[in-house]
Amino acid sequence: MEGGRYGEELDVAVRVVHMACALCQRLQEGLVSGGSGLVKSKDDDSPVTVADWSVQATVSWILSQFFGSQNVSIIAEEDVQTLSQADSAGLLEAVVNTVNECLAGAPKYGLKSPPKSLNTAQVLEAISRCNSEGGPKGRHWVLDPIDGTLGFVRGDQYAVALALIEDGKVVIGVLGCPNYPMKKELLSYHYQYHETMSRLSPPSEDMWERGCVMYARRGSGEAWMQPPIHGDKKFVWPNSARLVRVSSIDDPALATCCEPVEKTNSDHSFTAGLAHSVGFRNQPLRVYSMVKYAAIARGDAELFMKFARTGYKEKIWDHAAGVVIVEEAGGVVTDAGGRPLDFSKGPYLEGLDRGIVVCSGATLHEKIIDAVYASWDSSNL
């Protein structure tokens with residue numbers, strides 16, 4: 001994956017997502033231990049943590065320093081409104097300290113640290129710089145600093161997602177999944193169980209690898225997965241990367257369907273009925289965030305469907321990185337009408353036909369799309 005078109009962009013993106021994952025792992029451990037003061041609520045009542053703003057500031061600063069701030073357009077989820085409030089002084093201080101701690105470790109990932117610690121104004125500027133509206137022309141980075149914040153604060157799955165869109169098309173996707181193990185057989189265990197067992201009986205280095213970073217470049221026909229960087233080790237490309245590929249299962253009776261955990265913005269009853277009508281027998285794999293895309297890309301599941309409730313608009317940062325990784329791994333991603341997702345309209349997936357269907361292959365995808373048309377009129381959506 002080195003060299004070639006977008007090679008430099010991919011290299012930097014993978015490194016900075018590794019940095020962000022390490023930051024998130026440290027903060028999640030503190031949060032699960034009782035650091036509730038690090039959680040704020042946004043206007044839509046979804047929890048936001050120090051990690052959201054810290055990752056956004058870190059990624060923004062690295063990209064701007066590497067490519068030049070005048071050349072970098074970033075669409076991201078968070079703004080500085082909450083951080084700028086008078087009662088958020090402690091939260092802001094925690095963000096500034098976390099960002100500087102993370103950036104100080106940049107050389108470990110082959111990136112440059114700032115010559116001196118960033119001050120509060122510089123951190124706020126880095127966060128607020130992510131205010132692009134995207135569109136059909138030019139290059140736009142798309143960042144979800146923590147996709148699945150509820151999973152993050154509950155000690156469960158979440159993802160750091162970074163993508164590059166050029167002229168409305170996603171050309172690079174990097175997905176950091178800090179709690180998604182490299183080995184499929186460990187999926188059914190909660191990572192905290194492994195941490196407890198590790199303290200009781202230290203495992204060999206490769207016994208289990210908590211976390212992974214997946215990435216792909218448009219047109220390569222390849223998607224890759226790397227383990228996280230542990231301890232004092234440094235990132236050395238390609239960092240034990242290995243190819244991932246979607247599952248070859250196309251019989252619904254043998255396939256596994258991913259479902260969102262949250263019920264607030266997705267209709268579980270419709271997807272469950274649809275899966276039943278197609279002939280799915282396995283229990284669904286319910287995970288937070290874009291980890292569902294990771295599961296499809298590396299063959300742990302065969303299908304992910306999302307049909308939003310009325311009034312909910314899908315955001316591009318919740319899908320961009322995952323879409324290109326699944327497609328380059330051999331999968332298919334469309335709306336429920338069978339059309340490719342349109343990332344050229346700004347922060348939202350405008351013109352989406354009913355929902356999103358992510359499949360491991362064309363045969364299964366065709367069966368699902370046919371079932372959607374057959375089931376839609378009788379649904380209560």
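Residue numbers count from 1 along this sequence.
In this structure, Leu274 and Val372 have side chains that are in contact, with non-hydrogen atoms separated by less than 4.5 Å. Between Phe235 and Gln226, some side-chain heavy-atom pair lies under the 4.5 Å cut-off.
Considering Lys137, Arg218, Arg139 as possible partners of Glu166, the one that fulfils the salt bridge (charged side-chain N to carboxylate O under 4.0 Å, His left out) test is Arg139. The only option from Val333, Val246, Val170 that meets the side chain to side chain contact (heavy atoms under 4.5 Å, CB included) definition with Glu327 turns out to be Val333.
Between Tyr158 and Phe152, the gap from one ring centroid to the other is short of 6.0 Å.
Ionic pairing of Glu314 and Lys306 is present here: one or more N-O contacts between side-chain nitrogen and carboxylate oxygen are shorter than 4.0 angstrom. Ion pairing between Asp300 and Arg298 holds under the 4.0 Å rule for side-chain N and carboxylate O. Ionic pairing of Arg26 and Glu101 is present here: one or more N-O contacts between side-chain nitrogen and carboxylate oxygen are shorter than 4.0 angstrom. Look at Lys315 and Glu77 and you find no salt bridge, because none of the NZ, NE, NH1 or NH2 atoms lies under 4.0 Å from a carboxylate O.
For the pair Arg354 and Tyr373, the cation-pi criterion (under 6.0 Å, within 45° of the ring axis) is fulfilled.
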Just do the side chain to side chain donor-acceptor pair (under 3.5 Å) check on His140 and Glu133 with the steps written out, would you? CA-CA 9 Å; His140 309 286; Glu133 290 295 315; over 6 Å; no

For Val160 and Asp144: C-alpha separation, side-chain torsions, deciding distance, then whether side chain to side chain contact (heavy atoms under 4.5 Å, CB included) applies. CA-CA 6 Å; Val160 178; Asp144 195 337; over 6 Å; no

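To the nearest 0.5 angstrom, Asp147 atom CG is 4.5 Å from Met290 atom CE. Asn100 CG to Leu103 CG: the interatomic distance, rounded to the nearest 0.5 Å, is 6.5 Å. With rounding to the nearest 0.5 Å, the separation of CD in Gln56 from SG in Cys130 is 4.0 Å. For the atom pair His319 NE2 and Phe343 CZ, the distance stands at 7.5 Å (nearest 0.5 Å).
Summarising the geometry of Ser54 relative to Leu23, their closest heavy-atom pair is CB-CD1, 4.0 Å, with the distance given to 0.1 Å. Shown here for Leu175 and Ala321, the closest heavy-atom pair between the two residues is CD1-CB, 4.5 Å.
Atom NZ of Lys345 has 12 or fewer heavy atoms from other residues, nucleotides or ligands within 6.0 Å.
If you check the side chains of Asn179 and Gln25, you find no donor sitting under 3.5 Å from an acceptor. No donor-acceptor contact under 3.5 angstrom links the side chains of Ser64 and Ser69, judged on distance only.
Between Trp237 and Tyr215, the ring planes lie tilted relative to each other; the angle falls in the 30° to 60° range.
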